[in-house]
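Working notes, beginning with the structure itself.
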Amino acid sequence: MRIAVTGGAGYIGSHTVKLLNEKGFNVLVIDNLFNGHRKAVPDDVTFIKCDINDTENLKKIFNEFKPEAVIHFAAFIEVGESTKNPLTFYLNNVSGTLSLLSVMEQTAVNKIIFSSTAAVYGNPKTVPIPEIEPIKPINPYGQTKATVENVLNDLSQFGNLRYVSLRYFNAAGADPSGLIGESHHPETHLIPLVLKTAKGERENISIFGTDYPTPDGTCIRDYIHVNDLARAHLLALEYLLSDGESEVFNCGYGKGYSVREIIETVKKITGRNFKVIEEERRQGDPAVLVADPSKLKKTLNWNPEFDELDIIIKTAWNWELNRRF
Ligand code: UDP
């Protein structure tokens with residue numbers, strides 16, 4: 001079974017590619033290496049450097065490889081950055097996806113798994129958040145993902161595309177093998193930044209906002225281990241390949257941790273102390289994002305294996321100490 005994976009050299013992409021490869025899928029990774037890492041792709045997986053906005057080249061690749069389905073990770077992901085350069089986000093996340101979808105249509109590929117995000121909910125009214133919660137993003141990143149979800153919905157309703165949109169909460173942790181893990185340049189995510197501080201690579205960690213309406217005043221997020229997230233992609237793929245209808249699923253554990261709790265857990269796991277600074281809020285951050293993952297569990301029979309903050313931090317710490325890229 002041939003599967004094309006855009007953004008397969010990135011963080012969540014590479015963990016999914018490793019899993020698909022181990023399960024015997026014939027995987028082709030397409031990545032422009034803007035944020036991805038060549039070393040994150042296993043040696044026995046075919047890799048092609050290509051930007052998804054390069055429609056002509058992408059079409060050639062699809063005509064040759066003839067994928068049965070696409071898993072589409074390639075996108076810009078930083079909320080803060082999206083508030084500074086919204087157009088860049090639209091060009092990559094929306095135009096890039098339209099380019100990919102047009103190639104899929106021209107080459108008769110009609111199954112796609114899309115990397116969506118909890119950011120499409122903005123400040124949700126119901127927490128834990130069910131998939132039926134209104135889509136009201138409060139930052140450009142979330143808007144780009146919501147826009148693509150609308151496109152997918154139209155192509156599915158009025159055409160023959162079938163899709164699964166996975167709304168990720170906060171991906172974290174690393175593969176226990178130590179071969180792959182999170183590596184963004186510059187890094188903006190909380191857990192790797194706290195670990196870099198514990199490691200001594202940074203002088204301190206900043207808490208962005210301590211006046212949120214949460215028990216300790218800091219933002220709460222649902223951190224999901226990247227391998228459990230990878231497994232959700234495998235299950236979604238099997239679902240589409242066995243004629244499943246278009247669907248949207250939240251991917252999280254249904255349990256949230258505050259920024260302060262993350263910092264305390266890192267101190268506990270690493271046995272290191274470090275300086276914590278309280279700063280102003282970061283633009284575009286909702287106070288609480290926690291998933292209701294019951295639909296994913298019920299429909300795709302997803303059972304998380306790494307559902308513990310300690311395991312997430314331990315695997316991420318192991319990666320941080322022995323990074324390959
Ligand atoms: N955060 C923080 N300090 C940092 C980085 C992040 O306090 O140095 C906070 C951020 O404001 C958010 C939470 O940690 O409330 C998770 O942020 P991250 O960027 O990891 O993921 P996001 O939820 O934005 O996808």
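Ligands are counted one by one from 1 in listed order, and the atoms in each one are counted from 1 as well. Remember, predicted model here, so these are calculated numbers, not experimental data.
- A cation-pi geometry, defined here as NZ or CZ lying under 6.0 Å from the six-membered ring centre and within 45° of its normal, does not hold between Lys39 and Phe325.
- Polar contact with ligand 1: absent for Leu193 (N/O pair, distance under 3.5 Å).
- Checking only distances, Arg221 does come within under 3.5 Å of ligand 1, N or O to N or O.
- Taking the six-membered ring where the residue is Trp, His184 and His189 present tilted rings, their angle falling between 30° and 60°.
- Considering backbone and side-chain N/O atoms, Ile205 never comes within less than 3.5 Å of an N/O atom of ligand 1.
- Put simply, the side chain of Ser14 never gets that close to the backbone of Gly8: no donor and acceptor are under 3.5 Å apart.
- Of the heavy atoms in Thr188, only backbone atoms (N, CA, C, O) come closer than 4.0 Å to ligand 1.
- By the criterion of a heavy-atom distance under 4.0 Å, the side chain of Arg282, and not its backbone, is placed next to ligand 1.
- Contacts between Asn170 and ligand 1 below 4.0 angstrom, taking non-hydrogen atoms only, involve the side chain exclusively.
- In this pair, Phe73 and His233 present their aromatic rings tilted. The plane angle is within the 30 to 60° band.
- The protein atom (non-hydrogen) at minimum distance from atom 9 (C) of ligand 1 is Val259 CG2, 3.8 Å.
- Annotation: side chain of Tyr141 is in contact with side chain of Thr117 (closest heavy-atom distance under 4.5 Å).
- The shortest side-chain heavy-atom distance between Phe114 and Ile71 does not fall under the 4.5 Å cut-off.
- Taking 4.0 Å as the cut-off, Tyr223 counts as a neighbour of ligand 1 on heavy-atom distance.
- Which parts of ligand 1 touch Asp285 is read off a 4.0 Å heavy-atom cut-off, strictly below it: atoms 10 (C), 11 (O), 12 (C), 15 (O).
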